[in-house]
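Presented below is the structure to which this report refers.
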Amino acid sequence: MTLSVYNTLTRQKEVFTPLVPGKVGMYVCGMTVYDYCHLGHARVMIAFDVIARYLRHRGFEVNYVRNITDIDDKIITRANENGEAFNVLTERFIDEMHKDSASLGIEMPDAEPRATAHIDDIVALIETLIDKGFAYPAANGDVYYSVRKFDGYGKLSGKVLDELEAGARIGVDEHKQDPLDFVLWKSAKPDEPHWESPWGIGRPGWHVECSAMSKCCLGNTFDIHGGGPDLKFPHHENEIAQSEAANGAHYVNTWMHAGAVRVDGEKMSKSLGNFFTIREILDKYPAEVVRFLLLSSQYRSAINYSEESLKESHTRLERFYNALDGVEVGAIEDVENDFSARFHAAMDDDFNTPEAIAVLFELARAINKAEGAEQAALAGQLRYLGSVLGCLQSEPKDFFQAGAGDEADWIETMIQQRLDAKKAKDFAAADAVRDTLAAKGIVLKDGPEGTTWIKQ
RNA sequence: GGCGCGAUAGCAAAGCGGUUAUGCACUGGAUUGCAAAUCCACGUAGGCCGGUUCGACUCCGGCUCGCGCCUCCA
């Protein structure tokens, strides 16, 4: 089977062929760290987490780079508001981001370059662009990229320069030679964080950071570049312009963009203010439920977030953990069967997680029907294939009883009371106990090995 | 205005030119003291109008509606 991946640049699925056989270089635009991550960030992180996991599962040696933008206007503004140094702010939110991603089961990237640690690379890249005539320093100390000098501008986003120019929303800046030019280096205002450069003290523009860091970590040309849907233009378009002009080499083979997370049909975003942070959701729902929800639709399609969708995600997971509950799980490994073939075919088709999950549901049904060694083998397979998605790794008991807190002892006492009542054939008393527990969201399950309970 | 994406059963969400997606919800049955879980059974869904085809949800054209980008944004 071949792996095919949708490439934003060509707008079609292509057979994935890495530059170096067996190896994949992947760069994903990460966070600007001035606030907590929201669900939209989670979507991108989880999408590319699964992509990296699957590529590795398929035997590729993956070098996954996800940058951190730790200097930027919003960071400076927020730090000033808080009355703290910008790097104190960014350190804190980098820490919080790591906590959020860890709780969502997201594996750490192989490298997490920070913009402020690559100022030299950025300055060198800008110098190259000036030398080659693609950029110019302005009188105010800024350096701009001359968009019209780059022939391929617009090839990723499908924008046409003259159409952009016709748009009335481009802010005109007296220092720019063309309104469409974008900033590579921003001169520092008084009291702003700054670094030395040939054009005076200042800080890098956002777009050039990624060109410099990706070059540093992965070279002039690499396999996959990913990011959120709103980065396609202008961010990624500008990266192409910078990198290809400076390096004289094709920049990225496969561009991948995750779909948006919406709330009530509108994109979740900081600017609209309609965002839910990861941690406020994790306050109410287990992390796996959130992860599973985001994998329940294909990574490129838009997904509408709601409490309802989280609840359904939880119910869906219950089916898996019910299949695993009380079952002897065999070796955690794949089994050569139809489930495996279909799971891999789905993932090979542009990482079609909803289709892969559908196969896992059928596998769960097979586990429910099977017995003995066959059941154990299938359960091991479910655990194994689940791990490729970073799901289904909890103990069923932990999944079902999560959120019960310190009620466990009391629940056990109540269960014993009910067992005594049942033994005495006092079913009314037994049912009363169950109703009491049910009122607290505790559902009892009588099985051959005694009574267990789940917290709903 | 420019460019692009989407419209699938009650809900969510996939594949596919002709054969059951999948899950949740619903209904009936088996099982259970009663439940829970599980199993079995149960849904002719594919925005609208044309076209291609022996046959289209699936390809082509038009329309309508929704969304995204065109400004910082994952």
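Naming: A, B, ... by sequence-line order, numbering from 1 per chain.
- Atom CG of A:Asp151 is surrounded by 12 or fewer heavy atoms from other residues, nucleotides or ligands within 6.0 Å.
- In this structure, A:Phe351 and A:Tyr299 have perpendicular ring planes: the angle between them is above 60°, well past the 30° mark.
- Among the atoms of the strands shown, none is found under 4.0 Å from any heavy atom of A:His235.
- Among the protein residues, A:Lys425 comes within range of no part of the nucleic acid, since none of its heavy atoms lies under 4.0 Å from any strand.
- Counting any heavy atom pair closer than 4.0 Å across all strands shown, A:Lys311 reaches no nucleic acid atom.
- Between A:His236 and A:His225, the ring planes lie perpendicular to each other; the angle is over 60°, past the 30° to 60° tilted range.
- One finds a side-chain N or O of A:Lys267 lying less than 4.0 angstrom from the OP1 or OP2 phosphate oxygen of B:C69.
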Dot-bracket line, read 5' to 3' along RNA chain B, where crossing pairs take [ ] and | marks a partner on another strand, Watson-Crick or G-U under 3.5 Å: (((((((..(((.....[...)))..((((.......)))).....(((((..]....))))))))))))....
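- Both A:Arg43 and A:Gly265 lie close to RNA chain B; mapped to their nearest nucleotides by heavy-atom distance, the more 5′-ward contact belongs to A:Gly265.
- Rounded to an integer number of Å, the gap from OH of A:Tyr305 to C1' of B:A13 is 19 Å.
- In the set B:C3, B:G15, B:G23, the nucleotide with an atom closest to the side chain of A:Asp349 is B:G15.
- Pairing each heavy atom of A:Ala370 with each of A:Leu378, the nearest pair is CB-CD1, 4.2 Å.
- Residue A:Arg342 has no polar side-chain atom (N or O) positioned under 4.0 Å from OP1 or OP2 of B:G15.
- B:U58 and B:G51: their P atoms are spaced 14 Å apart (whole Å).
- Distance noted for atom P between B:C48 and B:C65: 15 Å (whole Å).
- Annotation: B:C16 and B:G28 have their P atoms spaced 37 Å apart (nearest Å).
- Taking the P atom of each, B:C63 and B:C5 are spaced 16 Å apart, rounded to whole Å.
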Pairs under 3.5 Å (N/O, protein and nucleotides 35-37 of chain B):
unit_1 : atom_1 : unit_2   : atom_2 : d
B:A35  : N6     : A:Asp446 : O      : 3.3
B:A35  : N1     : A:Asp446 : N      : 2.8
B:A37  : O3'    : A:Asn322 : ND2    : 3.2

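- Proximity of a side-chain donor or acceptor of A:Asp100 to a complementary backbone N or O of A:Ile278 within less than 3.5 Å is not detected.
- Among the atoms of the strands shown, only primed sugar atoms or phosphate atoms (P, OP1, OP2) are found under 4.0 Å from some heavy atom of A:Ser296.
- A salt bridge links A:Arg53 to A:Asp49: one of the charged nitrogens lies within less than 4.0 Å of a carboxylate oxygen.
- Nucleic acid contact class of A:Ala260 (heavy atoms, under 4.0 Å, all strands): base.
- B:A37 and B:C54 are spaced 49 Å apart, taking the C1' atom of each and rounding to whole Å.
- Between the P atom of B:A74 and the CD atom of A:Glu209 lies a distance of 12 Å, rounded to the nearest Å.
- Here the nucleotide nearest the side chain of A:Glu355, chosen from B:A25, B:G33, B:A21, is B:A21.
- Along RNA chain B, the nucleotide closest to A:His38 and the one closest to A:Tyr6 are compared, and the more 5′ of them pairs with A:Tyr6.
- The nucleotide whose nearest atom lies closest to any side-chain atom of A:Thr32 is, among B:A14, B:C11, B:A74, B:A74.
- In this structure, A:Ser301 reaches the sugar-phosphate backbone alone: every heavy-atom distance under 4.0 Å involves primed, P, OP1 or OP2 atoms, never a base.
- Within 4.0 Å (heavy atoms only), A:Gln298 reaches sugar-phosphate atoms of the nucleic acid but no base atom.
- Across the protein-nucleic acid pair, A:Phe320 atom CZ and B:G23 atom P stand 9 Å apart, rounded to whole Å.
- In the model, A:Asn337 has a side-chain atom that pairs as donor or acceptor with a side-chain atom of A:Gln381 under 3.5 Å.
- Across all strands shown, A:Ser309 has no heavy atoms under 4.0 Å from either base or sugar-phosphate atoms.
- The side chain of A:Lys369 lies closest to B:C40 when the candidates are B:C40, B:G23, B:C70.
- Between A:Lys13 atom NZ and B:A14 atom P there is a gap of 11 Å when expressed in whole angstrom units.
- When the C1' atom of B:U22 is taken as reference, atom CZ of A:Phe292 falls 10 Å away, rounded to whole Å.
- B:C42 sits 26 Å from B:G47 when the P atoms are compared, rounded to a whole Å.
- Each of A:Arg92, A:Arg78, A:Arg279, A:Lys74 was checked for a salt bridge (Lys or Arg N to Asp or Glu O under 4.0 Å) with A:Asp35, and the lone residue meeting it is A:Arg78.
- The nearest whole Å value for the distance from the NE2 atom in A:His236 to the C1' atom in B:C72 is 14 Å.
- Rounded to whole angstrom, the span from the CZ atom of A:Arg365 across to the P atom of B:C40 amounts to 5 Å.
- Within a 6.0 Å sphere centred on CG of A:Asp264, heavy atoms belonging to other residues, nucleotides or ligands number 12 at most.
- Put simply, OH on A:Tyr153 is 11 Å from P on B:C70, counting in whole angstrom units.
- For residues 352-372 of chain A, the set of pairs meeting the side chain to side chain donor-acceptor pair (under 3.5 Å) definition, not counting sequence neighbours, comprises A:Arg342-A:Glu362.
- Screening A:Tyr321, A:Tyr285, A:Phe292 for a ring pair (Phe, Tyr, Trp, His ring centres under 6.0 Å) with A:Phe399, the sole residue that qualifies is A:Tyr321.
- For the P atom pair drawn from B:A9 and B:A14, the interatomic distance equals 13 Å after rounding to whole Å.
- When heavy atoms are screened at a 4.0 angstrom cut-off, A:Lys232 is found touching no nucleic acid atom at all.
- At the heavy-atom level, A:Phe427 lies under 4.0 Å from base atoms of the strands shown.
- Comparing the same atom, P, in B:A25 and in B:G4 gives a spacing of 42 Å after rounding to whole Å.
- Here A:Val261 lies in heavy-atom contact (under 4.0 Å) with a base.
- Using a 4.0 Å heavy-atom distance criterion, A:Met45 is classed as making no nucleic acid contact.
- A 6.0 Å sphere centred on CD of A:Glu81 holds more than 12 heavy atoms belonging to other residues, nucleotides or ligands.
- A:Asp431 comes within contact range of at least one nucleobase, with a heavy-atom separation under 4.0 Å.
- Close to B:A14, at under 4.0 Å from its OP1 or OP2, lies no side-chain N or O of A:Asn352.
- For a distance-only test at 3.5 Å, the side chain of A:Glu163 fails to qualify as a donor-acceptor partner of the base of B:G1.
- Using cut-offs of 30° and 60° on the angle between ring planes, the pair A:Phe182 and A:His207 is perpendicular.
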